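Everything quoted here is computed from the prediction, not taken from an experiment. Counting convention: from 1, in listed order, for ligands and their atoms alike.
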Amino acid sequence: MRSTQVAIIGAGPAGLLLAQLLQRHGIDSLVLERETPEHVQGRIRAGLLEWSTVELLEEAGVGARARRDGLVHDGFDVAFADRHHRIDLKGLTGKSVLVYGQNELQRDLVQARSATGEAVLWQVRDVAVHDFDTHAPRVSYTHAGSRHELRCDFVAGCDGQHGVSRADVPGERLARYERAYPFGWLGLLADVPPLNEELVYAHHERGFALCSMRSRGRSRYYLQCPLEDQLQQWPDSRFFDELRTRLPERYAARLVSGPALEKSIVPLRSCVTEPMRFGQLFLVGDAAHIVPPTGAKGLNLAAADVRLLARGLIEFYRNRSPTLLGEYSARALSRVWKATRFSWWFTTLLHRFSTDPFAQRLQSAELEYLARSVAASRLLAENYVGLSFDEP
Ligand code: APR
Ligand code: PHB
């Protein structure tokens, strides 16, 4: 039977970043991934890193390309009622964010892992976690046609929202808190110059729109859409017409359209699992929580979990102290709930929810307040750049 110190299920950003940090401290891990490296690197997701995430990438030795090619943003625009209000992130908080595509980050992580010569087992099947309540947990899996068992000290469940590690925990030992939003995001990626140097979040009576980017030549746009919409209802021309309609005149006039490289519809939901530790099994990232993409917190929350778990494991192997590991779930959840609250609030502020005129008046009042009050803008900015860690 093969053995390792930490068995990591999932080679998404959470699993690979954890493996990388552990490796730097001489802790051995094996990553088990269901998909191929090509599939994992091709997934298109959000692209906004908090500065603490950038610092963690650097600590893991995988931040160089993000620092070189990422775009530093000191602010963003909130547009509504044909007006726009800039949130001066740098001025209000002293911090910036980095625009860097998650698929680029995923590529950096896969490359770093192969450079260490340490394994990721790709295309594993039927992963199951056993005996996680004991000090000798095991992970069984099928690889290259045969069944294997991996003995380990700890299991990190980094297998995303549909993973198996959470499913292996008896239902009565965990609680799930969920909110589904009554709409989705239709995303489009195109090789056209972004319409603005900074991101533009737009509230419009026809629904929310976001103008983001991946580089100076590649744009990422989103439209709020009904959940039942199908991609074939959204040819590129309709997408760009609708986006133009939802933007203030000064932005609409300079929007450049171009053929979609990718188009997708994702439903929006919030979900938190409590606790995030079961014996020697730790849930990390999307395996434990999902946020709507509006605040771009998904990847950053995953990185924050990894940071905490890596610190706990390093402390454990260095001096056999279980203290930080014991605090993992409570500390992670404290940050998760704050980000869940922010993502819910930012989503509520900007999307069209109902035809109730009272609710709409409240929403307009809140946007006006944001545009006039430095305190309200600071509240948004502080959450957007990422709350500081309450360090152990
Ligand atoms: N066995 C092995 N691997 C699995 C299994 C399984 N049964 N189920 C899922 N996986 C793999 C997925 O194929 C995926 O590569 O686990 C990985 C989970 O990665 P992500 O979904 O990216 O989750 P995470 O690493 O927590 O990333 C968090 O990044 O990808 C975004 O939307 C995500 O923003 C969020 C953040
Ligand atoms: C993205 O570029 O995909 C993106 C950016 C900011 C967000 C959400 C998504 O708030």
Side-chain angles (χ1 to χ4, degrees), residues 7-19 30-50 53 71 73 76 78 97-106 109-110 120-129 139-143 155-168 185 187-189 194 198-201 208-215 218-222 262 264 266 268-269 283-306 309 339 342-343 346-347 350 383-384:
I8 299 177
I9 308 174
L16 289 180
L17 184 55
L18 179 64
L30 181 63
V31 182
L32 306 173
E33 167 61 48
R34 190 181 50 196
E35 308 292 345
T36 62
E38 296 71 36
H39 176 95
V40 164
Q41 289 172 56
R43 289 190 294 225
I44 299 189
R45 276 141 162 201
L48 197 100
L49 307 182
E50 294 173 5
T53 304
L71 304 172
H73 282 206
F76 64 87
V78 175
V97 291
L98 192 74
V99 170
Y100 188 63
Q102 190 174 308
N103 57 331
E104 300 298 330
L105 173 58
Q106 185 81 53
L109 286 163
V110 170
V120 176
L121 293 186
W122 301 100
Q123 294 183 283
V124 297
R125 291 277 175 271
D126 306 321
V127 172
V129 186
V139 180
S140 60
Y141 58 95
T142 302
H143 187 241
V155 181
C158 305
D159 45 354
Q161 55 175 319
H162 305 297
V164 283
S165 47
R166 194 183 63 237
D168 284 335
W185 272 21
L188 180 147
L189 186 73
E198 297 181 339
L199 271 58
V200 179
Y201 293 81
F208 167 75
L210 168 59
C211 301
S212 180
M213 65 194 74
R214 289 290 174 270
S215 64
R218 181 166 288 186
S219 298
R220 180 70 170 156
Y221 294 124
Y222 297 99
E262 190 263 358
S264 53
V266 291
L268 266 64
R269 69 189 187 102
L283 300 183
V284 184
D286 275 19
H289 40 73
I290 302 293
V291 285
T294 323
K297 290 291 170 217
L299 174 61
N300 293 297
L301 270 185
D305 292 351
V306 166
L309 183 56
F342 170 66
S343 304
F346 203 33
T347 302
L350 294 172
N383 282 277
Y384 192 91

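- L18 approaches A156 most closely through the heavy-atom pair CD2-CB, 3.5 Å.
- In this structure, G163 counts as a contact residue of ligand 1, since one of its heavy atoms falls inside 4.0 Å of the ligand.
- Between R214 and ligand 2, a contact under 3.5 Å exists for at least one N or O pair.
- Y201 and F208 have tilted rings, their planes meeting at an angle from 30° to 60° on a 0 to 90° scale.
- In this structure, of D159, D286, L16, L121, the residue bringing a heavy atom nearest to atom 32 (O) of ligand 1 is D286.
- Look at H39 and you'll find every heavy atom at least 4.0 Å from all atoms of ligand 1.
- Within the structure, ligand 2 has Y201 among the residues with a heavy atom less than 4.0 angstrom away.
- By the 3.5 Å distance cut-off applied to N or O atoms, Y384 is not counted among the residues near ligand 2.
- Of all non-hydrogen atoms in G157 and S165, the two that sit nearest each other are CA-OG, 3.3 Å.
- Residues V120 and L16 form a side-chain contact, since some pair of their non-hydrogen atoms from C-beta on lies under 4.5 Å apart.
- For ligand 2, the atoms sitting less than 4.0 Å from at least one non-hydrogen atom of L210 are 6 (C), 7 (C), 8 (C), 9 (C), numbered in the order shown with element in parentheses.
- Backbone and side-chain nitrogen or oxygen atoms of R220 are examined, and none is located within less than 3.5 angstrom of a nitrogen or oxygen of ligand 2.
- Contacts between T294 and ligand 2 below 4.0 angstrom, taking non-hydrogen atoms only, involve the backbone exclusively.
- Side-chain N or O atoms of D159 include one that pairs as donor or acceptor with a backbone N or O of V164 at under 3.5 Å.
- Counting only heavy atoms of the protein, atom 3 (O) of ligand 2 lies nearest to Y222 OH, 2.6 Å.
- The proximity of A296 to ligand 2, defined as any non-hydrogen pair under 4.0 Å, involves the side chain as well as the backbone.
- Proximity annotation for atom 22 (O) of ligand 1: of R45, R43, Q102, R45 comes nearest, heavy atoms only.
- Considering all non-hydrogen atoms of both residues, E50 and K297 come closest at OE2-NZ, 2.6 Å.
- In summary, the atoms of ligand 1 found under 4.0 Å from a heavy atom of C158, numbered by their order in the structure, are 16 (O), 17 (C), 18 (C).
- At a 4.0 Å heavy-atom cut-off, ligand 1 touches R34 through backbone and side chain alike.
- Here the shortest heavy-atom pairing between A7 and V139 reads CB-CG2, 3.9 Å.
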